[in-house]
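Okay, structure first, notes after.
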Amino acid sequence: MLLYKKNALGKLLNLVLFIMFIPFLMLCGWFYYESKIKMTSVVHESLRYTAHNTTHQSIKTYLRSIDESFQRIQSLALRKDSQFNINDRGGPIVNVVHEFLNAHDLFLNAMLYNSDGEFRVIPEHLSKIKTPTDRPWFPHNTREGEIFHTLAYNVLDAEGNESGEKRVAAAMNLFDINRNKIGSVAFDLDMASISLGLKNIQSPYNSSPFVVDRNGTYILHENPRKLLRESVPTHWMPKFHDVSGFFYDDVTEMHVHYSINPNPEWITIITLHNDEFKRIVNSSLNALIFIAISCLIYYIGLALICKLYVANVMMRISYGLDGADVNTQAHDISSIFTKIQNKTAEFNDIETQSRTDPLTGLYNRRKLEEDFTHYIKKNQRIHLAIIDIDNFKSVNDTYGHPVGDKILTYIGSSATEWIREGISAYRYGGEEFVILFLDMDETQALEYLNQWRQKVSEREWREADLVLTFSCGLTCRIDEDLHALVEKADIALYEAKQAGKNRVIVHREFPH
Ligand SMILES: Nc1nc2c(ncn2[C@@H]2O[C@H](COP(=O)(O)OP(=O)(O)OP(=O)(O)O)[C@@H](O)[C@H]2O)c(=O)[nH]1
């Protein structure tokens, strides 16, 4: 194989194989680009879906439960016999609040307040509140049925100082059947318990959804250490400006998808670190690398087989040209082309020889027949002259055949000298020659023949007393074939001989 790389054939093959390889490279590039874009879009779409649908729905389920609890209390307040006496342990509202605190994981404690200014905390032992109306969860102006959710607020102790503990509360004003405000009820929500619901969410790519309030404080989070204690970076907050959306944070290198619940304004967030994101996207390219390597191995194998095959074909061409020995001949494409060129030249020589008279160098009778047929097809006007050397037998007899041959050669070369466009000369046989004049009139043909005849007759020969002349019969084609035309020219030639030789006689169909 190395032998072929060194020669032109090898280079050509390498070029062809490389060109064939380009579409594969382009395909790999396109596939890489497409799969990266597709994978990026898949990752973002699944994160967006989890933030916007799955986690959001889960929160709504809790909010619905909270809502139903408040509605139940409000429906009790609307009863005719309802009396919202917060100190009455057997009162229906107080009872149902107790019931909720016992049955639900949603609530930590409750605070009841009536329009007489009385209030009560359940369970009682938690009561450190002196004035509920200045607490952030106290609903001053909510309409009937409207639930008011607080941001994460600091719990105050009995002295009114911050205890360091944070809570989220939901509160509602209560109205009687006459739509008069009779008090309010507020629950501190058990955010740790509600956060457990996040664990049931199938979150993609090991990401964990969480929820923050409008201050950015984690109000639902799987990690209890972060819950109600930590916040998302403050520069994230202005970016939560749509109902749902996405942004990439350069500082934390996080991809952030969010979805905002309108009431309460809880922001569901799901994040993915950029390192993890890149790892996921790039992992999808492993398949591409595997396929590309497999294809590459297959392609190299195919290329080697192809090169072997082409080399074999070239060898066979070489054998076909000259039966060369495989071990001694060069098989590069240039040497094969040279051989083909040589062979073509040989064929052309043979072709020329088959139509040329070797002694005079003029065309032979075969070529005359071909040319004549060709001119007839083109319907060209033809004058044909037949020339016969005078007394050639006696020349041969007197000076010998070699001199006779020399004279024939001279006639050939002198004819060629006089040849111009539209005239062609042929050795017809023995000492006879045929001249064809194309698209010329009789006068032009006669002029040519007589000039030539005169030149031949004036030539001086080394041989003593040798004088060379020829006689000629000229005729014009009407409809005849070649042989008929030659016959007519022959008649005129005979006349020329009879008239004393060394002259040109024109054959006429109808003599004047
Ligand atoms: N040296 C030589 N002689 C040839 C060749 N071909 C034909 N001849 C001779 O040409 C002569 C032809 O003579 P003829 O045509 O019979 O008569 P002529 O002597 O030419 O007399 P006229 O035609 O009447 O002038 C013969 O002697 C042939 O041998 C050739 O190739 N070389």
Side-chain angles (χ1 to χ4, degrees), residues 349-372 383-419 423-437 442 445-477 480-508 511:
D349 284 351
I350 292 167
E351 176 87 351
T352 310
Q353 281 167 22
S354 71
R355 286 165 175 77
T356 310
D357 172 51
L359 183 65
T360 60
L362 296 177
Y363 291 133
N364 59 16
R365 190 189 285 208
R366 182 180 169 193
K367 175 72 169 152
L368 170 67
E369 284 164 356
E370 284 173 1
D371 286 355
F372 191 83
H383 277 84
L384 183 144
I386 188 153
I387 287 154
D388 186 282
I389 299 171
D390 295 331
N391 309 315
F392 196 53
K393 183 175 182 317
S394 113
V395 171
N396 268 334
D397 292 348
T398 311
Y399 302 101
H401 264 259
V403 173
D405 284 353
K406 193 169 76 179
I407 287 168
L408 289 173
T409 308
Y410 164 71
I411 291 290
S413 62
S414 69
T416 315
E417 247 175 65
W418 282 77
I419 292 285
I423 301 176
S424 37
Y426 307 85
R427 187 178 180 193
Y428 194 64
E431 87 292 15
E432 282 186 335
F433 298 87
V434 163
I435 309 290
L436 289 184
F437 301 91
E442 188 182 290
L446 270 174
E447 189 185 334
Y448 167 82
L449 288 166
N450 280 321
Q451 280 177 351
W452 181 30
R453 185 181 56 78
Q454 194 169 348
K455 186 176 183 310
V456 169
S457 65
E458 285 169 359
R459 175 176 166 127
E460 290 183 0
W461 295 88
R462 209 183 300 157
E463 287 75 15
D465 304 328
L466 175 57
V467 176
L468 185 68
T469 60
F470 65 74
S471 300
C472 174
L474 175 67
T475 188
C476 178
R477 175 182 84 87
E480 301 91 335
D481 65 9
L482 178 63
H483 298 289
L485 200 62
V486 169
E487 261 178 36
K488 284 177 185 170
D490 239 351
I491 292 169
L493 172 65
Y494 178 75
E495 284 175 25
K497 294 272 184 188
Q498 291 300 310
K501 304 183 181 175
N502 190 20
R503 69 196 60 213
V504 182
I505 299 276
V506 181
H507 174 267
R508 300 193 191 282

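Ligands are counted one by one from 1 in listed order, and the atoms in each one are counted from 1 as well.
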Looking at atom 16 (O) of ligand 1, is any protein heavy atom nearer than 4.0 Å to it?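 Looking at atom 16 (O) of ligand 1, one finds that no protein heavy atom lies closer than 4.0 Å.
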Does Arg427 reach ligand 1, in the sense of a heavy atom lying below 4.0 Å from it?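 It does, in that a heavy atom of Arg427 comes within the 4.0 Å cut-off of ligand 1.
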Geometry only, no angles: is Asp390 polar-contacting ligand 1 at N/O separations under 3.5 Å?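 Between Asp390 and ligand 1, no N or O pair is found under 3.5 Å apart.
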Please report which non-hydrogen protein atom sits nearest to [atom], along with the residue it belongs to and the distance in Å to one decimal place.
atom: atom 14 (P) of ligand 1; result: Glu431 OE2, 4.0 Å
atom: atom 24 (O) of ligand 1; result: Lys501 NZ, 3.6 Å
atom: atom 22 (P) of ligand 1; result: Lys497 NZ, 3.6 Å
atom: atom 6 (N) of ligand 1; result: Gly430 CA, 3.5 Å
atom: atom 13 (O) of ligand 1; result: Lys393 CB, 3.6 Å

Would you find a donor on one side and an acceptor on the other, under 3.5 Å apart, between the side chain of Thr360 and the backbone of Thr409?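 Here the side-chain-to-backbone pair does not exist.
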Of the listed options (Phe392, Tyr399, Phe470, Tyr494), which comes nearest to atom 4 (C) of ligand 1 when hydrogens are ignored and any heavy atom counts?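 Comparing heavy atoms across Phe392, Tyr399, Phe470, Tyr494, the nearest one to atom 4 (C) of ligand 1 lies in Phe392.
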Nearest neighbour of atom 32 (N) of ligand 1 from the list Asp405, Asn391, Thr409, Leu493, on a heavy-atom basis: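 It is Asp405 whose heavy atom sits nearest to atom 32 (N) of ligand 1.
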With heavy atoms under 4.0 Å as the rule, classify the contact between [X] and ligand 1 as side chain, backbone, both or neither.
X: Asp397; value: neither
X: Asn396; value: side chain
X: Leu408; value: side chain

Looking at Tyr363, I'd like to know if the NZ or CZ of Arg355 sits under 6.0 Å from its six-membered ring centre while staying within 45 degrees of the ring's axis.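 So Arg355 doesn't make the cation-pi contact.
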So do Ile389 and Leu408 actually touch side chain to side chain, heavy atoms under 4.5 Å?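 Side chain of Leu408 against side chain of Ile389, heavy atoms only: contact under 4.5 Å found.
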Side-chain contact test, heavy atoms from C-beta onward, threshold under 4.5 Å: evaluate it for Leu449 versus Ile387 and give yes or no.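 Side chain of Leu449 against side chain of Ile387, heavy atoms only: contact under 4.5 Å found.
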Distance in Å, Arg427 CZ paired with Leu362 CG, rounded so as to fall on 0.5 Å steps: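 The distance works out to 9.0 Å.
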Any atoms of ligand 1 less than 4.0 Å from a non-hydrogen atom of Gly404? List them with their elements.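 Contacts of ligand 1 toward Gly404, numbered from 1: 1 (N).
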For Lys393, run the side-chain hydrogen bond (donor to acceptor under 3.5 Å, both in side chains) check against Asn391, Asn396, Asp397 and tell me which one passes.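 Among Asn391, Asn396, Asp397, the one that satisfies the side-chain hydrogen bond (donor to acceptor under 3.5 Å, both in side chains) with Lys393 is Asp397.
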Hydrogens and angles aside, do Asp388 and Ser471 bring a side-chain donor and acceptor to less than 3.5 Å of each other?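 Their side chains do not contain a donor-acceptor pair, so the 3.5 Å distance test is not met.
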Can you confirm whether or not the ring centre of Tyr410 sits under 6.0 Å from the ring centre of Trp461?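 Yes - the distance between ring centres of Tyr410 and Trp461 falls below the 6.0 Å cut-off.
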